[in-house]
Amino acid sequence: MSEAVIKQRRRFNFRGSLCMPYAVFMALFVVFPLVLIFYYAFTDAKGKFTFNNWGTIFTDVTNWKVIGVTFIIAAITTVLCVLIAYPIAYLLSNKKYNSNKVLVYIFLLPMWINFVIRTIGLKALINGLTKWMFGFDLTATYPYVAIVIGMVYDYLPFAILPLYNQMLKMDKNQIEAAADLGANPFQVFTRTIIPMTIPGIVSACTMTFMPTMSSYVIANKMSENTTKIIGNIIEFWFGSSSSPNKYNVGSVLSLVMLMIIGISILIEKSISSKDDSRKVGIW
Amino acid sequence: MIKSKHALLLTAPLLALGTLASLTGCSKKYDLVIYNWEDYIYEGTDETGKIVDDGTVKAFEKYYKEKTGKAIRVGYECFSTNEEMYTELSLGSISPDLICPSDYMIQKMANDGMLEPFSYDAKTKKYGESLENWDKYGSPYIKGRFENETLNDGSSFLTYAVPYFWGTMGFTYDPEYFDEADVNSWECLWNTGDKFKQQFSLKDSYRDTYVAAIFHVFNDDIAALDPTAANYNSELSKIFNRCDDATIEKVEKALKEAMGSTVYGLEVDEGKDDIVRGVYHANLAWSGDSVYSMDSAEEGSEKILNYSLPTEGSNVWFDGWCMPKGANKELAEEFVNYICMPEVAANCMDAVGYTSPIVGDAMWDLVNEWYAADKDEEETYTVDLSFYFGDSIDGKAEIKIPTSEKGRQFDAQYPTEEMLNRCCVMKDFGSQTEKVEAMWIRVNA
C-alpha cells in the first residue's frame, strides 16, 4: 500500500510539474530564439551553411570601431555609475539619514517612468542648459559626452540598488573596531568597507554594463542619431537594410554582443567567487 | 485530484499557444487584404480624430456590395518602412492582395518577379475597363512621367504599379533665420559660414541623404546639362542614379564633411516637429511632411515656415498600388479603380496631405478650398496647373494664390512643371546596395 502511494507520488511529481510552464516558456522564448540566431549566423539567405556573414562583419573596420566605441562607452558609464552610486548607497544604508527608506524610493522613482520619455526629457534639459551657458546643443556638438550622460542617468538606479542591498548587510562592528584600533578614516574605508561591499560593486558593474552594451535608444536620442553603437548597427541590419542576408549578418553581430556580455559575466563570476561573501543582485 | 491539477498546468500554456495560433490564422477570412503605410488613407475621421464617416476601406465594401451584390470583407494592415514590408512579405508572414511600396521598392520587387502585372496595355497606354478611373482621372503629367520609366524587362512602371501619392524632397526652413537664397541650393549643406553651422537635420535613411550628396558631388556635371533640351530629365536621372564605387566614395566624403559642420542631427520622424520648435532652422523633408510642419507651426505657435525645393533639382518619389504574386487580382483591381475616383482620392488627399496623381472636379475643388485666395485678397499671383490637371475639369486650371503664401504649402504640393522636370525618380541601388549601406554605416560610426 505505502509503496504504491510512493510510486504514484513519483509519477506525478506535483512540485516538479510546477516548473512545466517555465520550462515551456524558456524553451519558446529563450532557447528557440537563440537557436534561430545561431542558425541565421551560419547560413545565407537561401539557408545554405556559410561563414561569409562572419567575414562581412569582421573584414569591415567600421564594425571593429563600433564595437570598440560601444565597449568604451559602456565601461565609462559603468565606472561613473558605480562612483556616483557608491556614496549614495552608503548614505541610504545609514539609518541616520534614511530612517524610513523613503529616500531609497525617491532614487528608484525614475525607474517607474518609461526610459525613452526620461531620456527625451534629459535631452531637453541638458541642451537647454548648454545652449544657455555655451550657446550650443550638447547632443549635436558633443554626442559622445551626451550619450554617456544619458546612459549614466538611465542606469544609475541599477547601480544603486545592489550596492544598497550589500551595504545593509555590512557588519558595522567591523567598521567601528577598525576605527578603534587606530585606522584613519581612509584606511577604514579601504580596509573594511570596500572589502565588505565587493560583491555589491561587482553586481552593480554587471547590472549597468550589460544594458549599456546592448541599448541603442539612448544613443539615438542623445546623439541626434549621428552616433551609432553596436545596438544601432544590429537594428540597421534587421530593420532598414535591403540586403538579402540582412538577418544573417545581423545575427552575427547579435552573437558578438552576446559573447562580450557573456565574457563580462564570466569575469564577474571569477571575481565574486574569490570572495566568500554572499552574492547579491537586484533579482 | 493531483492528476487533474497537473493536466491543468500543462494545458494552460498550450491553450495560450492555441490562441496565438488561431489569431495569426485570422487573415484568411478576408476576401481582400490591403497592406499600406500607416496613416495613409482616409479613415473617416475629422480634424479632431472623431469618426464621422465611413473610411475608404469600409466605403469600398459598401460600394462593392451595391455594384455586384456580393458582400466582401476587406482586411487592412500597416507597415512603417518599405524594408519592413519587403521582409514580412518575403518571409510569408503576411500575404496581402494589395501593397503600396515606394518607387525603388516597386522596381526591386518587379525585377525579382514578386509582382503580378495589372492589365496594362503598353501600346494604348491604358489599363482598360478594370481600371478605367485611372485612364480617365490620372493626371496627364504623372502618366507621361511614368509611362516612360521602364523596368529590367522593358515594361513600363505602370504595368506593375498604379501611383497613389507622390511628392518631392526639399528643405522646410524658418524664413526668419534663413533667406530663400540661403537654402535654394543643395550647396547650403556644405556652406562653411557661421550661420549654417549645425542648422540642418538630414534623414536617418541612406537613400534620402544620398540624394542630397549626389547633387553636391556632381554639381558641375549637372550644371553642364542643357535644361531646355527634351532629354534633360533622362540625362539628369542618369547622374542622379549613379552609384558606382567612385561615386559612393565621393558621397561618403561629402556626407562626412557635412556631418562635421552644417548637420545638427539625423531624424526620420521627429524632425517635422523639431523644426516647429526651432531646435534647428532647416529640415530635409518630404513635401508632405513639410506641409504638416507648416500647418502645425501656424496653428500651434503662429510661426511661419517655408518650403524650398533646391533649384538644381531633387528627388520626386511616388508610392503606388501593386499586387504581389498570388493576389486576388479582380478584387485588388476593383479597389484600385475605386480609390482612383476623384471623390475618394480627394478624401484621402485631405486626410494624408501628400499630392494625389488623380485629377478631376472633386480634386480641383479641394485644391481651391485649401489654397485659393479670398476674393478680397489684394496681392495674389496666378498659377497655371493645366499641365497637371489637363482637361479633366471644366475651364482652365488656373488658381489665384495670395502672395504671402509663396513658397509655402501650395508650392510644396504643386511644384511648377519646370521644377518637376528637374526632379528624378530614384532607382534601386541593385547590386551596389550593400556597398551603399556599408558607406552609410561608415558615415555614422
Side-chain angles (χ1 to χ4, degrees), chain A residues 8-9 11-14 16-25 27-28 45 56 59-70 120 123-124 127 131 135-137 139-141 143 220-230 232-233 236-247 249, chain B residues 1-14 16-17 20 80-84 86-87 90-91 104-105 108 112 197-199 201-207 259-260 263-268 270-271 274 277 279-280 428-430 433-445:
Chain A
Q8 209 182 10
R9 281 258 166 88
R11 203 176 286 158
F12 305 111
N13 182 344
F14 176 63
S17 72
L18 282 179
C19 296
M20 280 305 289
Y22 302 104
V24 172
F25 180 88
L28 269 180
T56 312
T59 51
D60 191 343
V61 193
T62 325
N63 289 313
W64 288 101
K65 190 187 154 200
V66 170
I67 292 171
V69 164
T70 314
I120 294 172
K123 180 176 123 176
N127 279 346
K131 187 118 203 159
F136 60 76
D137 284 358
T139 53
T141 313
N220 271 353
K221 295 282 170 216
M222 298 306 285
S223 75
E224 309 291 340
N225 295 313
T226 55
T227 306
K228 307 285 193 243
I229 62 176
I230 185 168
N232 298 102
I233 309 290
F236 177 85
W237 281 105
F238 278 91
S240 353
S241 169
S242 322
S243 155
N245 292 324
K246 53 193 282 194
Y247 282 10
V249 180
Chain B
M1 193 59 213
I2 286 171
K3 197 175 174 183
S4 68
K5 256 187 194 166
H6 187 167
L8 192 75
L9 282 167
L10 245 178
T11 44
L14 284 178
L17 271 176
L20 265 175
S80 54
T81 65
N82 281 304
E83 283 69 25
E84 180 197 332
Y86 182 83
T87 313
S90 42
L91 288 177
Y104 74 94
M105 190 51 87
K108 179 178 156 130
D112 288 355
K197 199 170 185 310
Q198 287 183 353
Q199 288 306 339
S201 69
L202 301 182
K203 291 279 165 225
D204 191 8
S205 115
Y206 60 91
R207 220 166 275 283
M259 294 280 256
V263 176
Y264 178 93
L266 305 172
E267 54 82 30
V268 179
E270 58 266 44
D274 281 351
R277 290 195 292 123
V279 176
Y280 31 75
D428 183 36
F429 289 124
T433 306
E434 284 184 22
K435 281 185 188 157
V436 178
E437 285 181 353
M439 179 275 290
W440 180 239
I441 293 180
R442 281 199 296 280
V443 168
N444 275 284

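Naming convention: chains lettered A, B, ... in sequence-line order (proteins, then strands); numbering from 1 in each chain. Keep in mind that what you see is a predicted model, and the values were worked out from it rather than measured. What you see below is based on every heavy atom in this structure, not just the backbone, and it leaves out hydrogens, waters and symmetry mates.
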Applying a strict 4.5 Å limit to non-hydrogen atoms, the region of Phe238(A) in contact with chain B is neither
Okay, Tyr264(B) and chain A: the region with an atom under 4.5 Å from a heavy atom over there is both
The interface call for Asn444(B) against chain A, heavy-atom contacts under 4.5 Å, is both
Okay, Lys108(B) and chain A: the region with an atom under 4.5 Å from a heavy atom over there is side chain
Q. Are any non-hydrogen side-chain atoms of Glu437(B) and Ser242(A) less than 4.5 angstrom apart?
A. yes
Chain A shares the most heavy-atom pairs under 4.5 Å, among Thr87(B), Thr81(B), Thr433(B), with Thr87(B)
Side-chain (Lys123(A)) to main-chain (Thr139(A)) donor-acceptor, under 3.5 angstrom = no
**Message:** Quick one, Met259(B) and Leu266(B) - any side-chain contact, counting heavy atoms below 4.5 Å?
**Reply:** yes
Of Glu434(B), Glu270(B), Gln198(B), the largest count of non-hydrogen pairs under 4.5 angstrom with chain A goes to Gln198(B)
Neighbour count >12 (heavy atoms, 6.0 Å) for atom CZ, Phe136(A)
yes
If one checks every heavy atom of Tyr206(B) against chain A at 4.5 Å, the contacting part turns out to be side chain
If you tally heavy-atom pairs under 4.5 Å between each of Asn127(A), Val69(A), Asp137(A) and chain B, the highest tally belongs to Asp137(A)
Quiz prompt | Sub-4.5 Å side-chain heavy-atom contact between Glu267(B) and Asp274(B) | solution = no
The interface call for Ser240(A) against chain B, heavy-atom contacts under 4.5 Å, is backbone
Of Thr141(A), Ile229(A), Asn245(A), the largest count of non-hydrogen pairs under 4.5 angstrom with chain B goes to Thr141(A)
Here the gap from Arg442(B) atom CZ to Lys65(A) atom NZ, rounded to the nearest 0.5 Å, amounts to 11.0 Å
**OP:** Determine, stepwise, if the pair Asp204(B) / Lys228(A) fulfils side chain to side chain contact (heavy atoms under 4.5 Å, CB included).
**Re:** CA-CA 11 Å; Asp204(B) 191 8; Lys228(A) 307 285 193 243; 3.3 Å; yes
